[in-house]
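Order of the sequence lines sets the chain letters (A, B, ...), proteins ahead of strands, with each chain counted from 1. Because the structure is predicted, anything quoted here is derived from the model rather than measured.
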Protein chains: 2
Amino acid sequence: MGGATKGRDVVPDATESSAPREGLSRTRVLRAAVDYADANGIESLTMRTLAAELGVVPMALYKHVANKDDLLDGMVEVIVGEIGPTPASGHWKPDVRRRVLAARAALLRHRWSQAVLESRAAMTAPMLGYLDSLVGLFVSGGLPIDLTHSVMHALGNRMWGFGEDLFAATPPSETESFNAQKDALPARFPNLAAIAAAAIHVDPESGRLTGCDSQAEFEFALDLVLDGVERLDVRDGKED
Amino acid sequence: MGGATKGRDVVPDATESSAPREGLSRTRVLRAAVDYADANGIESLTMRTLAAELGVVPMALYKHVANKDDLLDGMVEVIVGEIGPTPASGHWKPDVRRRVLAARAALLRHRWSQAVLESRAAMTAPMLGYLDSLVGLFVSGGLPIDLTHSVMHALGNRMWGFGEDLFAATPPSETESFNAQKDALPARFPNLAAIAAAAIHVDPESGRLTGCDSQAEFEFALDLVLDGVERLDVRDGKED
DNA sequence: ACCTGAACACCGTTCAAGT
DNA sequence: ACCTGAACACCGTTCAAGT
């Protein structure tokens, strides 16, 4: 169909249910992938099934998506984009709480998203933007930068499955626009930059620069939980 | 064993580096899979590469492992088995701390294991055994069962990426010995059974039995972290 | 009882070509 | 510039045999 050669705007046939046409575009591909995963589960999303869904040959997707990893990263970006802004009061505790619960709600709307996010955790721009906004709530609420750093680690596992080092997560597909604008990152994500700057210190042993101690951060978060439970226990129970 | 036809013991050639022979067995397959993933990364572990490593044809593995999922479950079992016992003082806080850190150490020894564990979280017997032991430390230390339930949820995301419902995790491959001994589970894992019993209550609305409220558990854990940080902040900072 | 060989129904992705 | 078609190099897994 189409007849794109001359006529202005060929009205799409609209008889076909999953109407393709009018060119793909990256966002249309990502949107379709998210919808397909919502409906059929992430495990049955393949380049081939997605192409069929869009009424197109598999290879057509590769014009808008580098490969399947890029597709998955893009799908996560879509979900993160759905988090949206939350009202801020200037008090970090209720503000952070609201924002984390909003993030959770977005993930729950797409049940496959948590698994995908955990399996890759690529630091795409929307991802960094969300984290930066969260850090911003802490610091503008007056929490010291070091404590903010640690609580971000502690929340990491809770918001999504960040196993280890928040900042050591795999950077976005390297080759992409990332390298081009790498130097612009501190400007775009000033709160993350502040944390990174505070976390870096000189190792007295080797004299080399060293990042954050993931074992220490793990124990910090663990003790936060255990101490908190202990407090709840003595308050409700023994009352001495 | 070896020359099973007649001769007593055929000495293996020993010229081949990754000496196969003497029959496979499930544990030998799992052990080899763990070693291979340690050395080459989980993404390059396939039924075919593993078979080659064992000097055997791919299909030979299927006699000892139901399929690839079962292989991955088995590999996780091996890691969980490496956690081993930890000394208990009778005070839940140091005891739990020690045990969780031991679990983390086991996972860190095999860097692929966290991702595999998160991606499936099958409730195999060793898995249940570890969780039961952890619950046991809380209850024998005197922590109330409800609080123990909640802190297990809070620790869930921390020990490994359990996103949601601890007890709603996919049960072990169904068909297996699981169903056969399903009724024996409370006896084998008494502490988990106690938690499950305490968590189930009648919904006043519908009158139906209802399990634990994962949203509430999430918020409990979130507030545990936020409250803890707030306490650290006022103690170190404002001091008013 | 355990292992083999060949085949099947899939993957993601490349390459050269079409319009 | 965008899409196509056919092919390649892989997967996990089945089935019917071998010993």
Open item on the list: Show me, range against range, the stems involving DNA chain D, built from at least 3 consecutive Watson-Crick or G-U pairs below 3.5 Å.
Closed with: C:4-8 with D:12-16, C:12-16 with D:4-8
- [ ] Taking only the side-chain nitrogens and oxygens of Lys63(B), find out if one of them lies under 4.0 Å from OP1 or OP2 of dC3(C).
- [x] no
Task: Minimum side-chain heavy-atom gap Leu30(A)-Glu77(A) below 4.5 Å - done: no
Task: Strand-adjacent residues in residues 31-47 of chain A, judged by heavy atoms under 4.0 Å from DNA chain C - done: Thr46(A), Met47(A)
- [ ] Assess whether side-chain contact (heavy atoms from CB on, under 4.5 Å) is satisfied between Tyr62(A) and Met47(A), documenting all intermediate values.
- [x] CA-CA 9 Å; Tyr62(A) 285 78; Met47(A) 298 302 274; 3.6 Å; yes
Task: Separation of atom CG in Leu54(B) from atom P in dC3(C), rounded to whole Å - done: 10 Å
Task: Nearest-angstrom distance from the residue atom NZ of Lys68(A) to P of dC10(D) - done: 19 Å
Produce the list of close N/O pairs, under 3.5 Å, pairing protein atoms with atoms of nucleotides 16-18 of chain C; give distances to one decimal.
none

Open item on the list: For a quick test of reading the model: is some side-chain N or O of His64(B) closer than 4.0 Å to OP1 or OP2 of dC3(C)?
Closed with: yes
Task: Candidates dT13(C), dA7(C), dC15(D) - which lies nearest the side chain of Met59(B) - done: dC15(D)
Task: Ion pair Arg31(B)/Glu82(B), N-O distance below 4.0 Å - done: yes
TODO: Nearest whole angstrom, please: distance from the C1' of dT13(D) to the CG of Asp69(B).
DONE: 12 Å
Open item on the list: Measure CG/Leu61(B) against P/dA1(C) and give the value in whole Å, please.
Closed with: 20 Å
Task: Integer-rounded Å distance: dC2(C) P and Arg26(B) CZ - done: 14 Å
Open item on the list: Using a 6.0 Å cut-off, check whether atom CZ of Arg109(B) has over 12 heavy atoms from anything other than its own residue.
Closed with: yes
Task: Closest approach of Arg97(B) to Leu222(A) (non-hydrogen atoms, all atoms of both residues) - done: CG-CD2, 4.1 Å
TODO: Specify the closest pair of heavy atoms between Met75(B) and Ala37(B), including all atoms of both residues, with the distance to one decimal.
DONE: CE-CB, 3.9 Å
Task: Asp73(A)/Lys68(A) under salt bridge (charged side-chain N to carboxylate O under 4.0 Å, His left out): CA gap, chis, key distance, verdict - done: CA-CA 9 Å; Asp73(A) 286 341; Lys68(A) 188 163 188 192; over 6 Å; no
Task: Heavy-atom closest pair, residues Leu192(B) and Leu128(B) - done: CD1-O, 3.5 Å
- [ ] Using atom CG of Leu71(A) as one end and atom C1' of dG12(C) as the other, report the distance to the nearest whole Å.
- [x] 12 Å
Task: Separation of atom CZ in Arg48(A) from atom P in dC8(D), rounded to whole Å - done: 14 Å
Task: Rounded interatomic separation in angstrom, taking OH from Tyr62(A) and P from dT14(C) - done: 7 Å
Open item on the list: For a quick test of reading the model, state the closest non-hydrogen atom pair linking Tyr130(A) to Ala103(A) and the distance between them.
Closed with: OH-CB, 3.2 Å
